[in-house]
Amino acid sequence: MTSIDQKGELYYVKRALKAIRECQSALHKSTKEVEILNEVCRVIVEEAGYIFAWIGYKGDDEGASLRPLASFGLEHGCLRVRKVSRTDDVLGYGPIGSTIQTGKPFVCRDILTNPQFLPWRAKAIKRGYASSIELPLVREGAVFGTLFIYAAEPNAFDEDEKDLLIGLSQIVSLGILEILKRKRLDEDSDMFFYHSKDMICVASPDGYFKQVNPMFERILGYTKEELLTRPLMEFIHPDDRESTLIEIRKQIDGLSTENFDNRYICKDGSYKIISWSAGPVLEGGKIYAVGRDVTEQRRMQEELEKSEQRYRSMFNDTKAVMLLIEPSTANIVDANDAACSFYGYTKQELTQKKITDINISPVEETSKAMTKARFLIKNQFTFRHRLSNGDIRDVEVLSSPIRVKDSILLFSIIQDVTEKRMLEEQKYIINLICENMLNGFAYCKMIFDEHNNPADFIYLNINKSFEKITGLTKEDVINKKVTDAIPGIRDAHPTLFDLYGRVASTGSSEAIEVFFMPLKIWLFINVYSSEKGYFFAIFEDITERKRLDNELKFINANLQQRVEEEVEKNRLKDLLIYEQSRHVAIGELLMNIAHHWRQPLSAIGAMIQDIEDAYRHKELDDNYFDNTVNKLMKELVDLSKTIDDFRSFYIQDTGKTRINILDAVNKALSILDDYIKSKNISVEIKIDDSLSIYGYTSKFSQVILNLLTNIKDIYDERSITDGTIKINSYRDYKINKVILTITDNGGGISEDIIEKIFDPYFTTRYKSRGTGLSLYISKIIIKSMDGSISVCNTNNGCEFRIEV
C-alpha cells in the first residue's frame, strides 16, 4: 500500500488548500518583503504540514543559480548567505534550478527511486525528505524565483495537489509583486515628499501642521519644529486668513482647491505668495495640500501686465505711427489711430492686410527684416510704403519684439522721413524763435550733490531776451555755474533750486511766480525737461503786472462795500416783490371768497324772502320757522368755515415743520372746489397719505394753489371744457427727494416763453388778471426749502415738477 493509499488523496488536497489559505492571510500581515517570504515558508510547514519550504530568487549570473531569501523547517537558517546551484549538495535533494530555466514546475514524487537524486539520496533520507516540488515565481511573464516544498511522504504532489500549489505560487508571486509596488510607491512618495520643489504638508482639524517637507523650511525660513508647534494661521497674512478659512471649509464640504493664493509670513518678516492645490478632506479630517512659491511669478506677471499697459497706452495715445505685426505671417494685428491717419485706411482695413501689402520692397527682403527684428539682430530699417491714395513715402521703421499674452509680435514705429528736411527746417525755426522771442530762455544742466540734492546748475544756452531781462550776457553765464554768475542766488531762492532739481529728475513741468531777489523783479517761470539731468526755463518779467494787480486789489477792496450795498438793495427788492405777491394773493383770495360766498348768500336771501312771504300769507308756523332757521345756520356755518380755510393760507409760518403732501394738496384744492365742480374738471390724485416733507406749511400750500390757479386761468382763457388735472407725488430714493407733479391738458406753454415763466413780473395773462409774480414767488418759496421747481410741455398740456 502506498502513502497515498494510507492517507488518502483528500489529505493532500486539504493540505494544499490550507497552505493557500494561510499564505493568503500571511501576505496581509506585513509590508516588508523578507518578513512576508519567511512567513509564507513558516505557514507551509507549520500550518499546512509540509516538512520543509524555502524561497530563492534568481541569481545575477547567467546560470541557474538561486539566492536563498527565506526558509522554514529542518534546514531553516542554512540558506541565508549562500547561493545554490545544480551542483550544490548542501540540501541533498538533487538537481535544482530547472524551473528557473524552463518556467515550469518540477515535481519529484519519490526521491528514493528518482535516479536524478542518486548523489544526494542519502542526505535526503537523513533529513526525512521523500518527495518535493519546485514552483516558479513569475513577474510580468518572467521567472524571478522559485518556491521549494518538501513532503515526508513519497508519492505526494499528485496532479490535484500540484495544481493547487501552482495556484499558491501564483498567489505568492502576486503578493510579492504587490509588496514591491507598495515599496516603490512608498519610496517614490518619500522621494517626492522630501525632494519636491513644491511645499507639501499635512494639516489636522486642530489647525496645526502635522507634517511638512523640507521645502517648507527652505521657503519660509522656519525650522520644522517651529512650523509644527504653532497654529498654521499664525503663518498666514492677516488679510488672507478669512479667505483661507473659507477655502478650508470648501474642502471639508468635499470640494477640491485649485490655484488658491494666499500670503505666508516668512521668519525674516517678508511675505511669500503661495499657490495651493488640495483635495477634499479625507476621513480623519486631515488636509493634504501642495503649495508653490509664486511670489516672483506674480511679481513678474504684474510687471508684465504693467509693461503691456504701458505699451498699450503708448500705442493708443501717441501721435507716432505704430503697428503690431505677426512676424511669421506678416499679418497686421493692430494699428493705432496715427497709423490709420497716415496710411489712409480704417483700422479694420489695415488689420485685414499684411505688411507686405504696404511695403513695396520684395517679400523676401521684408521677411528677412522681420526675422532680424524678431531675434534682436537688427531693429532699425528703411523702407518705402504705399499709402491708400497710391503715394509712396520713405519711412524709417523701428521694430522690436513684444510679448502680447502668449504671442510674440513686432512692435513697429514708423516715421515718415520724407519730411525730414522739413523737420530740420522747423528745428531751425524753433531755435530762431527761442533766440528772438520776448520771453527769456535758458537751457541748463543740473548739478546734484552726493545725496542727490540739487546743488547748482550750469547755463548751456540763453537767448537775447534773457540778456535783456537779467542784464547778463552770454559771456557772463554760458558754461558757468549759476552761483558764480549770480552770487547769493542759492541763499535767496532755495525753493527755486528744489523746483529745478525736481523737474530735471522727474521730467515733469512746473511753473512758479517769484520775486527774484538778486534782480529785484517779479518773474513768471515755466520749467521743462527733455532729458534727465537737464532743464530749460522760459520766463517773463511780470513786475508791471504785479503792480497793476496790487492796484486792482485796492480797487476791489473799495468795491466790496458797493457790492454789499447792491446786494442789500436786491434783498429789499425781493421783499417788495414778495409783499406785492401777497397783495395779489389777497386779491385772489377775495375773489375766491366772493365766488364761494355768492351761492350761499343767494340761498340765505331766498330763505329770508320766503320767510317774509310765509308771514304775509299767514303760513309761518313753528315747524316752518325752525326748519328755515336751521337751514340759515348751516349756510352761515359753511361761510364761517370758508373764511377759516382761506385765512389758513395766509397765516405767517413761524418755522419749518413736517408737511403732509396729501393734506397740502387737498387744502389747496378746497379753495378751488366750487370752480372745479362748476367747470366739471376731473382731478386725479395719486399720493401716499404718509408721504411728507420738511418745510413751510402755509407757503408750500400757497405754491400748490398758485399752480392750480394758473391752470384755472388757462382753462378760462382757452375755454377748456373737459379739463383734467393729475397730481402725483412719490419719493425718488436715487436722489433722496420727494417729487410732486401737477399735469394739465390746457394746451401747453409756447416754447419761446416757457423759459421765462418763473421770472418776476412775467405774465401771459391780461394786465387786469395778473402781475406775473405768483410763479416767481413759488420758485423763491421752494428754493427756501432747498428744493427746485420746473415746467415742461406734455402731449396736450404742461407739467409742473417740484423736487424737495
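For the numbers below, each heavy atom of this structure counts, side chains included, while hydrogens, waters and symmetry mates do not. No experiment lies behind these values; they were computed from the predicted model shown.
- More than 12 heavy-atom neighbours from other residues, nucleotides or ligands sit within 6.0 angstrom of NZ on K267.
- Side chain of N461 to main chain of Y443: no donor-acceptor pair is present (N/O by atom type, distance under 3.5 Å, no hydrogens or angles).
- At least one donor-acceptor pair under 3.5 Å links the side chain of E326 to the backbone N or O of T329.
- Here the side chain of S407 pairs no donor or acceptor atom with the backbone of R403 at under 3.5 angstrom.
- Residues E551 and R547 are paired through a salt bridge, judged by an N-O separation under 4.0 Å between the basic side chain and the carboxylate.
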Would you list the atom pairs, donor with acceptor, under 3.5 Å between side chains in residues 388-400 and any protein atom, with sequence neighbours excluded?
residue	atom	partner	partner atom	Å
S388	OG	Y343	O	3.1
S388	OG	G344	O	3.1
N389	OD1	D391	N	3.0
N389	ND2	D391	OD2	3.3
R393	NE	D416	OD2	3.0
R393	NH2	D416	OD2	2.6
R393	NH2	E419	OE2	2.4
D394	OD1	R384	NE	3.2
E396	OE1	Q380	NE2	3.3
S399	OG	S412	OG	2.9

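- In M437, the CE atom is crowded: over 12 heavy atoms of neighbouring residues, nucleotides or ligands sit closer than 6.0 Å.
- Between the R490 side chain and the D456 main chain, no donor and acceptor come within less than 3.5 Å of each other.
- In terms of modelled atom types and a separation under 3.5 Å, the side chain of S275 and the main chain of D261 share no donor-acceptor contact.
- Side-chain atoms of S270 never come within 3.5 Å of backbone atoms of C266 as a donor-acceptor pair (strictly under, hydrogens ignored).
- A salt bridge is absent between R545 and E540: the closest approach of a Lys/Arg side-chain nitrogen to an acidic carboxylate oxygen does not fall below 4.0 angstrom.
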Report the C-alpha separation of I512 and V527 in whole Å, then their side-chain angles, then the decisive distance to 0.1 Å, and conclude whether the side chain to side chain contact (heavy atoms under 4.5 Å, CB included) test is met.
CA-CA 8 Å; I512 188 174; V527 190; 5.5 Å; no

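- Contact check on E302 versus R299 returns no salt bridge, with no Lys/Arg side-chain nitrogen under 4.0 Å from an Asp/Glu carboxylate oxygen.
- No donor-acceptor pair closer than 3.5 Å links the side chain of N439 to the backbone N or O of S465.
- Between F535 and F457, the ring center distance clears the sub-6.0 Å criterion.
- Under a 3.5 Å cut-off, the side chain of T506 and the backbone N or O of R502 do form a donor-acceptor pair.
- Between N331 and K354, the closest heavy-atom pair is OD1-NZ, 3.0 Å.
- At least one donor-acceptor pair closer than 3.5 Å links the side chain of T346 to the backbone N or O of E349.
- You'll find the side chain of V503 stays beyond 4.5 Å of the side chain of M446, heavy atoms only.
- Between Y528 and F536, a ring centre-to-centre spacing shorter than 6.0 Å is recorded.
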Please list, one pair per line, the donor and acceptor atoms closer than 3.5 Å that link side chains of residues 780-788 to other protein atoms, with sequence neighbours excluded.
residue	atom	partner	partner atom	Å
S784	OG	I781	O	2.5

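- Considering every non-hydrogen atom in both D449 and A455, the closest pair reads N-CB, 4.1 Å.
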